[in-house]
Amino acid sequence: MALNYTFSIIKPDAFNTGKAGKIIAHLESQGFTLKAARVVHMSKKQAEEFYAVHRGRPFFGELVDFMSSAPCMPFVLVKDNAVHALRDAIGATDPAEAAAGTVRKLYAESKGKNAIHASDSDENAVRESRFFFAEADTI
Ligand SMILES: Nc1ncnc2c1ncn2[C@@H]1O[C@H](COP(=O)(O)OP(=O)(O)OP(=O)(O)O)[C@@H](O)[C@H]1O
């Protein structure tokens, strides 16, 4: 059975322009429930570790610099089939290609500064939640 929670981050571009509340409200209106949340200014080392899967890709340095440039907001959301539901709700990586009504279409600036991260599998949702939260915060 699919995991009933997933992990997300409101990225620095959206957090620092006051969009966190709007994004959370948007997701709550689609049936997601907030389970855990914090505000974190990641070090470069933490961002490299979090995004280790992308090491070696051409945008890795830019991504790590951006994610460690200012505070962001990691959070855990609950919903049936949560990982799939949130990937649908955030839209394509590039906001220019994101469907109408998705978080990235509404709030993202560019492919790099794209407002939100969402885990792409149940396995990664567990790993990424544990990166920022204790197990007890997610059950
Ligand atoms: N060409 C690019 N230029 C700049 N940044 C990029 C580029 N491609 C990807 N990124 C950044 O790296 C992140 C991870 O890339 P990935 O291809 O996994 O996209 P995603 O699965 O839509 O995003 P995320 O993993 O953050 O939810 C993207 O969200 C984006 O911020």
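Whatever order the structure lists ligands and atoms in, that order sets their numbers, starting from 1. Being a predicted model, the structure only gives us computed values, none of them experimental.
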Do ligand 1 and [X] have nitrogen or oxygen atoms that lie under 3.5 Å from each other?
| X | value |
| --- | --- |
| Asn114 | yes |
| Gly112 | yes |
| Ala118 | yes |

At what distance is the nearest protein heavy atom to [atom], and which residue and atom is it?
| atom | result |
| --- | --- |
| atom 4 (C) of ligand 1 | Glu62 OE2, 3.5 Å |
| atom 10 (N) of ligand 1 | Phe59 CD1, 3.6 Å |
| atom 23 (O) of ligand 1 | Arg104 NH2, 3.3 Å |
| atom 19 (O) of ligand 1 | Thr93 OG1, 3.3 Å |
| atom 17 (O) of ligand 1 | Arg57 NH2, 3.8 Å |

Looking at [X], which atoms of ligand 1 are within less than 4.0 Å of one of its heavy atoms?
| X | result |
| --- | --- |
| Leu63 | 11 (C), 12 (O), 31 (O) |
| His54 | 14 (C), 15 (O), 18 (O) |
| His117 | 24 (P), 25 (O), 26 (O), 27 (O) |
| Lys11 | 26 (O), 28 (C), 29 (O), 30 (C), 31 (O) |

Item to check | Asp80 atom CG, over 12 foreign heavy atoms within 6.0 Å | outcome: no
Item to check | Neighbour count above 12 (heavy atom, 6.0 Å) for Glu109 CD | outcome: yes
Find out whether [X] and [Y] are in side-chain contact, i.e. whether some heavy atom of one side chain is under 4.5 Å from a heavy atom of the other.
| X | Y | answer |
| --- | --- | --- |
| Ser8 | Leu86 | yes |
| Arg38 | Phe133 | yes |
| Asp137 | Lys35 | no |
| Phe60 | Glu48 | yes |

Checklist entry - What is the distance from atom CZ of Arg104 to atom CD1 of Ile23, rounded to the nearest 0.5 Å? => result 10.5 Å
Item to check | Options Met67, Lys111, Arg87, ranked by nearest heavy atom to atom 27 (O) of ligand 1, top entry | outcome: Arg87
Checklist entry - Any chance the rings of Phe132 and Phe75 have centres within less than 6.0 Å? => result no
Item to check | Test of ring centre spacing under 6.0 Å for His26 and Phe32 | outcome: no
Checklist entry - Between Lys113 and ligand 1, which residue portion shows a heavy-atom distance shorter than 4.0 Å: side chain, backbone, both, or neither? => result neither
